[in-house]
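Structure record follows, encoded as structure tokens.
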Amino acid sequence: MNHLGQKKFVYTFGKRKYDLFSRTHLMGILNVTPDSFSDGGRYLALDSAVERAMEMVEEGADIIDVGGESTRPKSKDYGDGASEVPVDEELRRVIPVIERLSKLTDTPVSIDTYKAVVAERALEAGAVIVNDISGFAFDEMMPSVVASFGASAVLMHIKGSPKTMQLNPTYNDLFGEIIDYLQKGIEKGERHGIRQMIVDPGLGFGKRQEDNIQLILGLSRFGSLGYPVLVGPSRKSFIGTILGLPLEERLEGTLATVVASVLNGANIVRVHDVKEAKRAVMVADALRQVEA
């Protein structure tokens, strides 16, 4: 274990083997949606989605996370928030992209969904990771689907649902409540025999401004769960609030949170801007590897 209390995590994702402790790994975000808060509509067409994914691979993405349903919250920034997408529509958006990517690259593909039916079809199409924003809480069939494919899972904390999560979220014990929630998801996964899990405290998913900041500064506390830690600060509204800037001007703020996350114990960061984040992460890793 190092000075941040991390263990060594060597995970196999499809044809790739990653030592998640050796350096910070990058998950590139690919939203094939018309209404995602950041890049909705940009990659709806199959060719443009695949082109963007391969561009992120070239820029240094270690994992491509494909999502077909927006989870933007109901808030002053995003209006009424995202509506739930029917399963057939979600499948129509993501499956052709995953099938194409699995033929073009051995970079692991993750499916961003909380629906077991979508996860199953995505794993059949070539995905090897399920990124579940509910941490196995929304669909009781999800752990068995992940286990049946020998796949990996990202378990995220969310308070409420995407529609309700930013409507005055409050905590009596921020870290305690999130760790308990994630522990329940881990126990479900372990009961089903899932060996490779990753935990995500869920920045912006039922969190206040101060909660997001505390979570970044206290990321090392999630090491107590015994699994690698992923964090996704990219272009989030709390960065916009700090800077007083819209989505398209949050790159520098995102990079600041990425560096802070790395220095505080993140094993994986989930980002839109892979090229820039890769450079920031390389410097942060160099800083982290030097004992103070």
Side-chain angles (χ1 to χ4, degrees), residues 27 29 33 36-37 65-75 81-87 90-91 94 110-123 127-149 151-208 211-212 215 219 221-232 236 268 270:
M27 175 182 276
I29 300 168
T33 58
S36 287
F37 83 94
D65 191 40
V66 180
E69 178 175 326
S70 171
T71 51
R72 62 191 172 89
K74 182 175 182 177
S75 66
S83 299
E84 185 171 337
V85 174
V87 168
E90 192 174 348
L91 290 170
V94 301
S110 168
I111 175 65
D112 179 1
T113 188
Y114 54 85
K115 299 168 187 167
V117 172
V118 175
E120 183 173 28
R121 289 285 302 278
L123 293 168
V128 294
I129 304 167
V130 175
N131 184 7
D132 183 351
I133 64 163
S134 81
F136 289 160
F138 288 176
D139 191 329
E140 64 180 13
M141 294 303 296
M142 187 67 91
S144 62
V145 167
V146 174
S148 68
F149 282 86
S152 304
V154 177
L155 306 182
M156 195 192 81
H157 171 270
I158 184 172
K159 190 176 183 71
S161 68
K163 276 279 191 184
T164 66
M165 63 189 182
Q166 287 306 110
L167 301 179
N168 193 34
T170 57
Y171 296 86
N172 294 317
D173 177 3
L174 177 67
F175 285 92
E177 291 174 40
I178 294 174
I179 287 172
D180 285 348
Y181 181 102
L182 293 171
Q183 184 62 49
K184 289 182 174 67
I186 287 169
E187 289 168 0
K188 290 178 185 177
E190 289 178 341
R191 283 199 299 271
H192 284 83
I194 301 171
R195 298 180 63 186
Q196 295 187 168
M197 289 183 279
I198 296 160
V199 295
D200 177 354
L203 297 181
F205 284 78
K207 312 294 189 301
R208 297 164 297 185
D211 298 330
N212 292 311
L215 289 170
L219 276 179
R221 296 175 64 173
F222 295 98
S224 65
L225 291 165
Y227 287 93
V229 176
L230 179 150
V231 66
K236 291 283 174 72
I268 305 171
R270 182 177 181 272

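Counting only heavy atoms from C-beta outward, the side chains of Leu230 and Asn131 never approach each other to under 4.5 Å. Using a 4.5 Å heavy-atom cutoff, the side chains of His157 and Lys207 are in contact. Within the 4.5 Å cutoff, side-chain heavy atoms of Glu84 are placed close to those of Glu69. You'll find the side chain of Lys236 stays beyond 4.5 Å of the side chain of Asn212, heavy atoms only. The shortest side-chain heavy-atom distance between Arg208 and Tyr171 falls under the 4.5 Å cut-off. Looking at Glu120 and Met141, their side chains never come closer than 4.5 Å, going by heavy atoms from C-beta outward. Taking 4.5 Å as the limit, every side-chain heavy atom of Lys159 sits out of range of all side-chain heavy atoms of Asp211.
The list of side-chain hydrogen bond (donor to acceptor under 3.5 Å, both in side chains) pairs with a residue in residues 190-206, not counting sequence neighbours, reads Ser152-Gln196, Glu190-Tyr227. Residue pairs meeting the salt bridge (Lys or Arg N to Asp or Glu O under 4.0 Å) criterion with at least one partner in residues 135-149, sequence neighbours excluded, are absent.
Across all non-hydrogen atoms, the minimal contact from Asp112 to Glu90 is O-OE2, 4.2 Å. The shortest non-hydrogen separation linking Tyr181 to Met156 is CE2-O, 3.5 Å. Here the closest non-hydrogen pair linking Val85 and Gly68 is CG2-O, 4.2 Å. Nearest approach of Ile111 to Ala119, heavy atoms of both residues: CG2-CA, 4.4 Å. Of all non-hydrogen atoms in Leu123 and Ala151, the two that sit nearest each other are CD2-CB, 3.7 Å. Of all the heavy atoms in Ile179 and Ser224, the pair that sits closest is CD1-OG, 4.2 Å.
Remark: Phe175 engages Phe222 in a ring pair (Phe, Tyr, Trp, His ring centres under 6.0 Å) (not counting sequence neighbours). Not counting sequence neighbours, the partners of Val87 by the side-chain contact (heavy atoms from CB on, under 4.5 Å) test are Leu91, Lys115, Val117, Val118. Considering only residues two or more places apart in sequence or on other chains, Phe149 meets the ring pair (Phe, Tyr, Trp, His ring centres under 6.0 Å) condition with none of them. Not counting sequence neighbours, the partners of Val66 by the side-chain contact (heavy atoms from CB on, under 4.5 Å) test are Leu30, Val32, Ile64, Val94, Val97, Ile98, Leu101, Val109. Residues forming a ring pair (Phe, Tyr, Trp, His ring centres under 6.0 Å) with Tyr114 (at least two apart in sequence, or on another chain): Phe138.
Taking CG from Leu174 and CG from Leu215, the interatomic distance works out to 4.5 Å, rounded to the nearest 0.5 Å. Distance check, rounded to the nearest 0.5 Å: CG of Asp132 to CD1 of Ile198 gives 13.0 Å. Considering CG of Leu225 and CG of Asp180, their distance stands at 9.0 Å, rounded to 0.5 Å.
Between the Lys188 side chain and the Pro143 main chain, no donor and acceptor come within less than 3.5 Å of each other.
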